[in-house]
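Here the structure comes first, spelled out in structure tokens, and everything after it is commentary.
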Amino acid sequence: NDVVPTASSEARDESATPGDHDDDEATKKKRAKPRPRQPLPSHLACIEVPNDVPADQRVCDHCGTMMTTLGRRCVSTFEVIPGRVVHHRRWDETVACPRCDRIVCAKVPPSVLDGGKLGPVLVTEAMCDKILNGMPIERQARDFQRQGVPIAASTLGRSVAAVLALLVPVARRILVRIKDSERVQLDATGLRVLDRKAALGVSRDTLWGLIGDRRWVYFEALESGDANAIEALLQGAEADSFQCDGTATLNFVEKKWRRRRPGCHAHGRRRLVQAARGGDLRAMEALRLYARLFAIEQQATCDGVSPHERQRRREEQSLPILDELRAWVLGLAPSTEPKSPLGQALTYLQRQWLRLTVFLFDGEVELTNNRSERELRPWPSGQHAWLFVGDQKHAERWAAGFSLMQTALAHGVNPRAYLHAIVAKLIAGHLHTRLDELLPDAMLVAHPELADPLRATTPSVLTMNQAA
């Protein structure tokens, strides 16, 4: 059928200029096509829900004839079935020989605590909820009580602590792998620990996070934050470089161990950002240089280049930018107040300059130490909910749980499924001489179903580096 133009449409056509039509065409070209929906996961259970027309509406109200089905429209949605707690009642059989006195009892399956009323799956799930989601044990116990399950917070806490104690030897194997790594990254944060001897009843540990070759993540809560404590923890490490921030606590790496200590450009840039936000626009020039520097690293990561190619790009592209930054720092430092935000930023860059240039000559060294800060992030975010740990022993145990979770994520393993798998093996009596079989890399090879579904759609820097 022909479309009859209206007066308003003719007026619009007459008032429109050729440039307007060009703009419309450009807008159509720029408009992104809608993303197609991803196919539904095949492993999820599918529940068919028929939605039929009621019987009183199946008779035609015009002629009285019974209607027939023309077809059905399929609508797929995700739904959740709330978890429920069940009561397992086990009957252990005992048999006896009718002719003699021989008696045989059924083997009792392993449990978290002897005589405990909580099953291993429930306890492991509670541990995962605190490690992965930061949910306090006391809050989980209240949720169980709302479901009519009489689980006290103290009972759940003791059971979770028993499971965490099983994980400590496995986490220690991660520390061994880190000490065997070629490159280590580390950072620290505070951890509140209950202590009756302290003035306020709470002491503050130093929680160190260590990363070995981007694959192994380990946490250790040390009562002392001085250099001797972390030096003792790292004793025997064979790494060639230890990347960290500018803290004086780790000066022994260079002075005593004679190892390389790459710096962190994120810390240098962060101080410049603070100066710019405070109104000192002189910092903008350095921030523009840093934007170019970070763009080079981002492009290399997106291209999936090898460490050798990354180093070549840094020497060709990043080195001139650092020369400009160095000249800017030296030119501005004499006329800047030392205690001002910009003066503090310039002082940091000057003192850390040699460390900040190490990355130019090693494609395996990262531009920043942000990875260490990201690994530590679950701790301070979790402390907003659970506030503190009970004592030094529990600080060690929770550090083991977090170490295994973060290492599993670094290897592309589903952390919740992984923790359930290794806890079941440890409760069943897995030999301590074969603990390496429970590390994420070995478990992923033995059980491919433990792979993290998120890794299939969101490749990480680690994945791209391994591919390169």
### Message
Could you go through Glu309 and Arg312, starting from their C-alpha distance and side-chain angles, then the distance that decides it, and tell me whether this counts as salt bridge (charged side-chain N to carboxylate O under 4.0 Å, His left out)?
### Response
CA-CA 5 Å; Glu309 172 62 19; Arg312 188 192 66 80; 2.6 Å; yes
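- Contact of the His394 side chain with the Asp391 side chain is registered, since non-hydrogen atoms from C-beta on lie closer than 4.5 Å.
- Annotation for Leu431: atom CG counts as buried by contact number, over 12 foreign heavy atoms lying within 6.0 Å.
- Looking at every heavy atom in both residues, Leu376 comes nearest to Ala188 through CD1-N, 3.7 Å.
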### Message
Using salt bridge (charged side-chain N to carboxylate O under 4.0 Å, His left out), reason through Glu364 and Arg310 one step at a time and then give a plain yes or no.
### Response
CA-CA 8 Å; Glu364 291 282 2; Arg310 185 185 291 268; over 6 Å; no
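- Nearest heavy atom pair, residue Arg214 against residue Gly363, reads NH2-O, 4.5 Å.
- At least one side-chain heavy atom of Trp353 sits under 4.5 Å from a side-chain heavy atom of Leu325.
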### Task
Mind running side-chain contact (heavy atoms from CB on, under 4.5 Å) on His411 and Arg215 for me, showing each step along the way?
CA-CA 6 Å; His411 282 80; Arg215 305 176 66 235; 3.3 Å; yes
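- Atoms OG and CD1, on Ser159 and Ile151 in that order, are 8.5 Å from each other to the nearest 0.5 Å.
- When every heavy atom of Cys244 is checked against every heavy atom of Asn369, the shortest pair comes out as CA-ND2, 3.6 Å.
- Without hydrogens or angle criteria, Asp213 side chain to Glu182 main chain gives a donor-acceptor distance under 3.5 Å.
- The backbone N or O of Val329 sits nowhere less than 3.5 Å from a side-chain atom of Gln350 that would complete a donor-acceptor pair.
- Between Gln299 atom CD and Arg313 atom CZ the span is 6.5 Å, to the nearest 0.5 Å.
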### Task
Evaluate the criterion salt bridge (charged side-chain N to carboxylate O under 4.0 Å, His left out) for residue pair Asp323 and Arg326; output intermediate values, then yes/no.
CA-CA 5 Å; Asp323 290 340; Arg326 178 66 170 169; over 6 Å; no
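- Between Val413 and Met443, the closest side-chain pair of non-hydrogen atoms is not below 4.5 Å.
- A cation-pi arrangement is absent between Arg269 and Tyr290 under the rule of less than 6.0 angstrom and at most 45 degrees off the ring axis.
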### Query
Which is it for Leu118 and Val112 under the side-chain contact (heavy atoms from CB on, under 4.5 Å) test, yes or no, and what are the steps along the way?
CA-CA 8 Å; Leu118 303 184; Val112 177; over 6 Å; no
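- Taking CH2 of Trp257 as the start and CD of Gln235 as the end, the distance is 5.5 Å to the nearest 0.5 Å.
- Minimum heavy-atom separation, Phe402 to Ile131: CE2-O, 3.7 Å.
- Remark: Glu254 CD is packed, more than 12 non-hydrogen atoms of other residues, nucleotides or ligands lying under 6.0 Å away.
- Side-chain contact between Gln392 and Glu396 is absent, with no heavy-atom pair separated by less than 4.5 Å.
- Checked by atom type and distance alone, the side chain of Asn228 never pairs as donor or acceptor with a backbone atom of Glu231 at under 3.5 Å.
- Under the 3.5 Å distance criterion, the side-chain polar atoms of Asp362 are left unmatched by any main-chain donor or acceptor of Gln311.
- Atom CE of residue Met405 and atom CG of residue Leu132 lie 5.5 Å apart, to the nearest 0.5 angstrom.
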### Task
Show your working on side chain to side chain donor-acceptor pair (under 3.5 Å) between Thr247 and Asp245 and close with a plain yes or no.
CA-CA 6 Å; Thr247 176; Asp245 56 21; 4.8 Å; no
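- The main-chain N or O of Ala126 is found under 3.5 Å from a side-chain atom of Gln140 such that the two form a donor-acceptor pair.
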### Task
Check the pair Arg172 / Glu220 against salt bridge (charged side-chain N to carboxylate O under 4.0 Å, His left out), numbers first and verdict last.
CA-CA 10 Å; Arg172 287 288 177 181; Glu220 182 78 17; 3.6 Å; yes
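- Met127 places a side-chain heavy atom less than 4.5 Å from the side chain of Val423.
- At least one side-chain heavy atom of Ile296 sits under 4.5 Å from a side-chain heavy atom of Ile321.
- Gln243 places a side-chain N or O within donor-acceptor distance of the main-chain N or O of Glu366, the cut-off being under 3.5 Å.
- Using the six-membered ring where Trp is involved, Trp386 and Trp379 have ring planes that are perpendicular, over 60° apart on the 30 and 60° scheme.
- Residues Glu373 and His267 are in side-chain contact: their nearest non-hydrogen atoms beyond the backbone lie under 4.5 Å apart.
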### Task
For side-chain contact (heavy atoms from CB on, under 4.5 Å), just list the numbers for Glu223 and Val193, CA-CA rounded to whole Å, side-chain angles, deciding distance to a tenth of an Å, and then say yes or no.
CA-CA 9 Å; Glu223 295 184 69; Val193 180; over 6 Å; no
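- Between the side chain of Gln383 and the backbone N or O of Gly190 there is at least one donor-acceptor pair closer than 3.5 Å.
- Counting only distance, with no hydrogens or angles, the side chain of Thr357 and the backbone of Leu354 share a donor-acceptor pair below 3.5 Å.
- More than 12 heavy atoms of other residues, nucleotides or ligands shown are found within 6.0 angstrom of CG on Asp92.
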#### Entry: From CA spacing to verdict: side-chain contact (heavy atoms from CB on, under 4.5 Å), Asp240, Arg260
CA-CA 6 Å; Asp240 176 60; Arg260 294 187 304 162; 2.8 Å; yes
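- Within the 3.5 Å criterion, the main-chain N or O of Phe219 finds a donor-acceptor partner in the side chain of Ser403.
- Here the CD-NE2 distance, from Glu437 to His430, works out to 4.5 Å after rounding to the nearest 0.5 Å.
- The number of heavy atoms from other shown groups lying within 6.0 Å of CZ (Arg351) does not exceed 12.
- Partner Trp398 forms a side-chain contact (heavy atoms from CB on, under 4.5 Å) with one of Leu167, Leu164, Leu191 and no other, that one being Leu164.
- Nearest heavy-atom pair across Leu426 and Val170 is CD1-CG2, 4.1 Å.
- Partner of Glu297 under the side chain to side chain donor-acceptor pair (under 3.5 Å) criterion, chosen from Gln317, Arg314, His265: Arg314.
- Of all the heavy atoms in Ala283 and Trp328, the pair that sits closest is CA-CZ2, 4.2 Å.
- Taking CD1 from Ile427 and CG from Leu166, the interatomic distance works out to 6.5 Å, rounded to the nearest 0.5 Å.
- The shortest side-chain heavy-atom distance between Leu439 and Thr407 does not fall under the 4.5 Å cut-off.
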